[in-house]
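Values below: every heavy atom of this structure, side chains too, minus hydrogens, waters and symmetry copies. Throughout, protein chains are lettered first and strands after them, A, B, ... in sequence-line order, and every chain is numbered starting at 1.
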Protein chains: 4
Amino acid sequence: MTTESLPKDDIIDVAAEVIRSKGYQSTSVNDILAAANIGKGKFFHYFKTKHELGIAVVDRYIETWSLTLIENILRSSQEAEDRLQAMLNQTLEFYQDTNVKKGCPFGNLAVEMSEHDSAFRSKIDTFFDDWTVALGDTLSEIESIKSPYSYAQYMISTIEGSILLAKVKQSNEPLNNSITILKNATLPHKE
Amino acid sequence: MTTESLPKDDIIDVAAEVIRSKGYQSTSVNDILAAANIGKGKFFHYFKTKHELGIAVVDRYIETWSLTLIENILRSSQEAEDRLQAMLNQTLEFYQDTNVKKGCPFGNLAVEMSEHDSAFRSKIDTFFDDWTVALGDTLSEIESIKSPYSYAQYMISTIEGSILLAKVKQSNEPLNNSITILKNATLPHKE
Amino acid sequence: MTTESLPKDDIIDVAAEVIRSKGYQSTSVNDILAAANIGKGKFFHYFKTKHELGIAVVDRYIETWSLTLIENILRSSQEAEDRLQAMLNQTLEFYQDTNVKKGCPFGNLAVEMSEHDSAFRSKIDTFFDDWTVALGDTLSEIESIKSPYSYAQYMISTIEGSILLAKVKQSNEPLNNSITILKNATLPHKE
Amino acid sequence: MTTESLPKDDIIDVAAEVIRSKGYQSTSVNDILAAANIGKGKFFHYFKTKHELGIAVVDRYIETWSLTLIENILRSSQEAEDRLQAMLNQTLEFYQDTNVKKGCPFGNLAVEMSEHDSAFRSKIDTFFDDWTVALGDTLSEIESIKSPYSYAQYMISTIEGSILLAKVKQSNEPLNNSITILKNATLPHKE
DNA sequence: TATGAATGAGTTTTCATTCAT
DNA sequence: TATGAATGAAAACTCATTCAT
């Protein structure tokens, strides 16, 4: 009665890792076959095209992070201030190891795909929106902050940008630095 | 007596545009030939490999932005406060038109290339460092700010991240928002 | 219930012929595709590179000649003297038709590839060694000849050299001549 | 009043070396330009095509060896027996150093070009004929040998074949061996 | 004479996708 | 479901040759 992990899901998981490392376009179907140890027929049985797999990978990223970041943290039952700190801490932790060299799964695909593939773009767009709203809601609760959703977007920009710099430097220092500053920043109060 | 435009430079310019739009890996040599209206032989006469052209493009980005952003603005003879505002305004202006959909030339390549090509990575790294130092120097002059170089890196992260979000949204709103907040932010004073 | 001819083996056979005529380097993959009437994908499905195919062709040459020349003749159960004559006759026969214009499969690749490709070189080297030993063993049995293996190498040199001259002359006369002389030569006796 | 070495001749000399090492087809015009340190214009000023240069190189080989091997040795005023020994010794000496790895200039091109380029083939054919005749004339003088020209061709075959084997083995042993045997061989007497 | 920029057909190789089994 | 053989367009790159200077 155990739920055996479905082959299709396995493929998506493996592909998600490969694509985060190499990018979508540079990842060949063969790369995925090799990493997942499956044949061509199986792959194209589950996914009509490489693009379909790519979208499934984005969906997987979204599932994962919507759960861990949005549901479990920003929409948890903790105090708003604690939720904010937890989000920043979780981000820090996630990128402490070699993960930082691979960059943000969303940021990577955002940069690579936004201009020429609207299917990727709109899904990523929606995820950033969801994140922004969840963070904005949290900020709203903390104190009577001015434009909490704008400030949420600003914080997310800073986080994404510092992961980008961290990837270039191959060091998590830029991310650590930005999050330290964000934690100490004076929030823009209503007048 | 006219200064004829140099062919090699022309190719780099054209390639710089194409690569900013499509990314390095997705840009084929044929794409560049078509955009520049030249033949294969001419291309490979000037560049031994596509990679060599890619590096020349990064160098061109660096030349351009080192001049416009660093030399002409951050290291100009204006007041420090004015230089800071000028940098933010110039960034805003540059991305007002359709440019925002293409993203930041450096940020794009940083994300795409950092993990598997150290030649690209180290050049981009150096550029961000130069920018950070020039901005940090400027901040130092404004008032007795705490850790001006850390704050400079934080500002740059925010700018890069909001260009990334703007690319996803195909709108410059995230960039406008971040810059507005940066302009109004209270700088972290020495204690 | 028929034994279908194996595609990969077919390609090797076709390529072996083309390469014997044109040489390895002058034979393009397209030449082979055209001769075998297959597409690019099929070729590169079986062989990762042209070089891999080249090596497979050498291996095929070796298989063929190890069987016909060494196993079936020099190591057969005939009298040594008969085996020697059979080897010389088989060589003569093989080159009677237009084959002589194409030269020796081994000699051709030996000359073309030895200096810059050790994979080809060492395989050909081993084949000539095997031939030399098998011929030397045969000579040993005939009579108490001095240095049978040296004389075997000498005979093989003569055969290869006269195939070379025959190729230049586009006539088998040099080979016929050399073999006639070899047949009548007084073997160098022990003192 | 010194005869300055003509550029064209220099190019042929340089090309002769490169082609002996790499073969005609694998030698690119650029290889020659690099080795000779000249530009494209100069090359194609002197030679309408690469093929024309190739033929000039064969002519140069023929000039050189007709002089050193045929005129200076086989047609010298020495005793016939001494001329024969001198020819064999000169061959041995020429290939003692690393020269053996490059093979025989004539043998190399004979194998590479005979089947598909009659211009190369017929020149090489003529050279081997001249060598055969000069050697046959020498043999005729030694004693009343049967078929001196056939035996001359046989000797040349042996020499070419053992240079071929030496190239494969990357060792001059096969050539030393063959020449030792040739020196000790009983010449086929008239009956 | 000589330079080297320019050409474009040709080379080897990769790749997403299809298809027979 | 799944295999992997087969496809062919497209990729990066090479090369003999031409041409403006």
Item to check | Donor-acceptor contact below 3.5 Å, side chain D/S118 vs main chain D/R121 | outcome: no

Checklist entry - Looking only at side chains, do C/K40 and C/N30 share a donor and an acceptor under 3.5 Å apart? => result yes

Checklist outcome for this item: D/F47 CZ to E/dT1 P, in whole Å, measures 13 Å

Checklist entry - So what does B/S26 hit on the nucleic acid, given a heavy-atom distance under 4.0 Å: a base, only sugar-phosphate, or nothing? => result nothing

Item to check | Check: C/A36 main-chain N/O paired with C/D10 side-chain donor or acceptor under 3.5 Å | outcome: no

Checklist entry - Per the atom types in the model, does the base of E/dT17 pair as donor or acceptor with the side chain of A/K40 at under 3.5 Å? => result yes

Checklist entry - How would DNA chain E look in dot-bracket form, 5' to 3', counting Watson-Crick and G-U wobble pairs with both distances under 3.5 Å and writing | for bases paired to another strand? => result .||||||||||||||||||||

Item to check | Quiz item: cation-pi between B/K50 and B/Y24, 6.0 Å / 45° | outcome: yes

Next on the checklist: Can you confirm whether or not the ring centre of A/F127 sits under 6.0 Å from the ring centre of A/Y61?
Outcome noted: no

Checklist entry - Of D/H51 and B/K50, whose closest DNA chain F nucleotide lies nearer the 5' terminus? => result B/K50

Checklist entry - C/Y46 or B/Q25: which one's nearest nucleotide on DNA chain F is closer to the 5' end? => result C/Y46

Checklist entry - Does a side-chain N or O from B/N30 land closer than 4.0 Å to OP1 or OP2 of F/dA11, or not? => result yes

Checklist entry - Hey, does the side chain of B/K22 reach the backbone of B/T27 with a donor-acceptor pair shorter than 3.5 angstrom? => result no

